[in-house]
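Accompanying notes for the structure given below.
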Amino acid sequence: MNAMSNEKTQSVYASTLGSIINTENAVLPWEKLEPSQQQHIQQAIDSQTHPSCIVYPHTQAQLAAVIATANRKKWCVLPCGSTSKLNWGGLSKNIDIVVSAERINQLIEHAVGDLTITVEAGMKFGELQEILAKSRQTLPLDPAFPNSATIGGIVATADTGSLRQHYGGVRDQLIGITFVRADGQIAKAGGRVVKNVAGYDLMKLFTGSYGTLGIISQVTFRVYPLPETSGTVVLTGKVEAISQAVTILQGSELTPTQADLISNQLVFHLGLGTGIGFITRFQSISESVKEQSNRLLSVGQQLGLDGAIYSDQNEVELWQQLPEQIHSNVTSSLITCKIGVIPTTAIEVINQISTGLIHLSSGLGLVSLENENLVLTLRNLCQSNYGFLSVLAGSVEIKKRLDVWGYTGNALHIMRGIKEQFDGNYILSPGRFVGGI
């Protein structure tokens, strides 16, 4: 395509979409994007060309109209929120337009007494927590990039962290979802009350679907009271002693809300000591937190481990820094991966990782690796422990060479059938999911 025809094609996209969203700066041509934003988008696509524009619908109806138009014209769409996780997962192919739900971001309802909240998908996670905090409530998720991540993006990538120990993952907090189908129709699943069993459980299907089945526009979560106080015990030292401490904790009556095994390099970079680490958080009334923290610290001391209790701002900063050490260090060579292993093998696995963490109860974890060979070696280790390794973030060149998802199961034909049902024209994030879906 020559420069003149390319310019003409881009003007067609802009004029068509501009007639749907007649608002200033709602349709931004590629050339008007900041270089950093262009670079971020290009990290998510497998193409020598670039999308024509990024579109910012302001309402659910506008979003539906944009997607209906894209489907009719067979334009390939890369959905996103604030783009904080746009470079996670596989590379999308032949993208014509990027559609951001970032400006669809209103609070719909906060039922304080019912412990539920309904918001539009573009709301930032940090803003949602500020709303809840006014009523002494919280949404117990701890996603990557919490200040910039949107609610829709968190659901689409199934992104939660250490709080899974006590509260479960994203899908366990969801009780209702609204989304725009690939044909532009608006659909709903679940509801706005906790005891809701109506219809198919599309919420679980959409959680972690990476924008390949539809575009999430609104969600309802169950929320929880803010705990009175919090305390974190950090134990570091030899693998055998850490393993004993974990076994004792699991056989006790202690009830941590977060519990992670952390690698030796992560222990060192956080200034926590030497060896591997075991970091455990208790949240409850003050007396309970103090009692549980002291009991675990005593267990560690008896096993010859170094230990300390963190509270207040020091504790908050520690839990913020833990995932940041992995997510924020992505360069042209570093690769961020999500892993999963049987929890009983977590100690063995964490001992063979330089920079990473594994959640104690689920066996899920995050790691930062320096090259492709380490990715393949760790993937083999995880798979030998009935687990997996998938690549979240890395350079385009690396993702082209690697099997990003590393899927070895037998359900690929089912996934493809679901994709066909939801998006028969394959316009939504084509190529981003398992098996090139």
Side-chain angles (χ1 to χ4, degrees), residues 82 84-85 124-134 136-149 154 159-167 224-237 242 245 249 254 256-286 288-290 292-294 296-297 300 305-330 334 336 350 353-360 364-368 392-393:
S82 65
S84 64
K85 300 181 181 70
K124 299 289 199 299
F125 179 75
E127 183 182 348
L128 173 62
Q129 292 290 45
E130 288 177 5
I131 293 169
L132 291 171
K134 294 174 183 175
R136 296 288 304 164
Q137 293 178 349
T138 185
L139 174 61
L141 300 174
D142 44 353
F145 322 113
N147 293 325
S148 59
I154 291 168
D159 180 30
T160 187
S162 308
L163 284 167
R164 181 187 290 269
Q165 172 78 23
H166 184 72
Y167 296 99
Y224 293 79
L226 272 173
E228 178 183 307
T229 191
S230 179
T232 293
V233 178
V234 176
L235 301 176
T236 59
I242 291 289
L249 171 70
L254 302 182
T257 55
Q258 294 166 265
D260 289 351
L261 293 164
I262 54 180
S263 68
N264 51 19
Q265 278 292 102
L266 204 48
V267 167
F268 175 77
H269 288 309
L270 290 169
L272 301 177
T274 58
I276 67 168
F278 182 34
I279 177 170
T280 310
R281 191 176 205 173
F282 300 101
Q283 294 178 308
S284 183
I285 60 174
S286 298
S288 175
V289 169
K290 184 177 181 180
Q292 294 190 80
S293 298
N294 285 332
L296 183 57
L297 183 64
L305 295 168
D306 293 326
I309 295 177
Y310 288 70
S311 59
D312 302 324
Q313 190 59 30
N314 288 335
E315 181 193 27
V316 171
E317 290 176 358
L318 176 61
W319 285 103
Q320 287 175 345
Q321 291 169 4
L322 195 54
E324 284 176 1
Q325 286 286 327
I326 298 173
H327 286 302
S328 63
N329 288 330
V330 176
L334 287 177
T336 304
I350 200 68
I353 295 171
S354 176
T355 302
L357 61 87
I358 299 177
H359 310 313
L360 186 64
L364 297 175
L366 288 170
V367 297
S368 178
L392 292 179

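For S288, the side-chain hydrogen bond (donor to acceptor under 3.5 Å, both in side chains) test picks out Q292, with sequence neighbours left out. Residues meeting the side-chain hydrogen bond (donor to acceptor under 3.5 Å, both in side chains) test with T138, sequence neighbours left out: Q129. Remark: S286 pairs with E228, T229 by the side chain to side chain contact (heavy atoms under 4.5 Å, CB included) rule, at least two apart or across chains. Not counting sequence neighbours, Y310 has no partner by the ring pair (Phe, Tyr, Trp, His ring centres under 6.0 Å) test. The side chain to side chain contact (heavy atoms under 4.5 Å, CB included) search around Q313 returns V316, E317, not counting sequence neighbours. Considering only residues two or more places apart in sequence or on other chains, T236 meets the side-chain hydrogen bond (donor to acceptor under 3.5 Å, both in side chains) condition with none of them. The ring pair (Phe, Tyr, Trp, His ring centres under 6.0 Å) search around F268 returns none, not counting sequence neighbours. Shown here are the side chain to side chain contact (heavy atoms under 4.5 Å, CB included) partners of N294, two or more places apart in sequence or in another chain: K290, I309. Residues satisfying the salt bridge (charged side-chain N to carboxylate O under 4.0 Å, His left out) criterion with D260, sequence neighbours excluded, are absent altogether. In terms of the side-chain hydrogen bond (donor to acceptor under 3.5 Å, both in side chains) criterion, S148 has no residue partners (sequence neighbours excluded). Every salt bridge (charged side-chain N to carboxylate O under 4.0 Å, His left out) that E315 has, sequence neighbours left out, goes to R281.
Nearest approach of A149 to S84, heavy atoms of both residues: CA-OG, 3.7 Å. Contact detail for P146 and P143: the closest heavy-atom pair is CD-O, 3.6 Å. Taking both residues in full, the closest heavy atoms of S293 and V289 are given as OG-O, 2.8 Å, listed atom of the first, atom of the second, then distance. The shortest heavy-atom contact between S354 and Q265 is O-CB, 2.7 Å. Closest approach of L235 to A245, counting heavy atoms only: CD1-CB, 4.2 Å. Minimum interatomic distance between L139 and L128 (heavy atoms only, all atoms of both residues): CD2-CD2, 3.5 Å.
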L318/V234 under side chain to side chain contact (heavy atoms under 4.5 Å, CB included): CA gap, chis, key distance, verdict: CA-CA 10 Å; L318 176 61; V234 176; 3.7 Å; yes

Criterion side chain to side chain contact (heavy atoms under 4.5 Å, CB included) on Q325 and T355, from CA distance to verdict: CA-CA 8 Å; Q325 286 286 327; T355 302; 5.5 Å; no

L226 vs L132, side chain to side chain contact (heavy atoms under 4.5 Å, CB included): CA-CA, chis, key distance, verdict: CA-CA 9 Å; L226 272 173; L132 291 171; over 6 Å; no

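A donor-acceptor contact shorter than 3.5 Å is absent between the side chain of K124 and the backbone of S82.
T232 and W319 form a side-chain donor-acceptor contact under 3.5 Å, judged by distance and modelled atom types alone.
With values rounded to the nearest 0.5 angstrom, T257 atom OG1 is found 12.5 Å from Y224 atom OH. Distance CD1/I326 to CG/L366: 5.0 Å, rounded to 0.5 Å. To the nearest 0.5 Å, atoms CD1 (I279) and CG (L357) are separated by 9.0 Å. Expressed to the nearest 0.5 Å, how far CD of Q165 lies from CG of L360 amounts to 5.5 Å. Taking CZ from F278 and CG from L305, the interatomic distance works out to 10.5 Å, rounded to the nearest 0.5 Å. Atom OG1 of T160 sits about 8.5 Å away from atom CD1 of I154, to the nearest 0.5 Å.
Under the side-chain contact (heavy atoms from CB on, under 4.5 Å) test applied with S162, the options L364, T280, D142 reduce to a single match, D142.
Ring orientation note: the planes of H327 and F145 are tilted relative to one another, at an angle of 30° to 60°.
Residues L266 and L322 are in side-chain contact: their nearest non-hydrogen atoms beyond the backbone lie under 4.5 Å apart.
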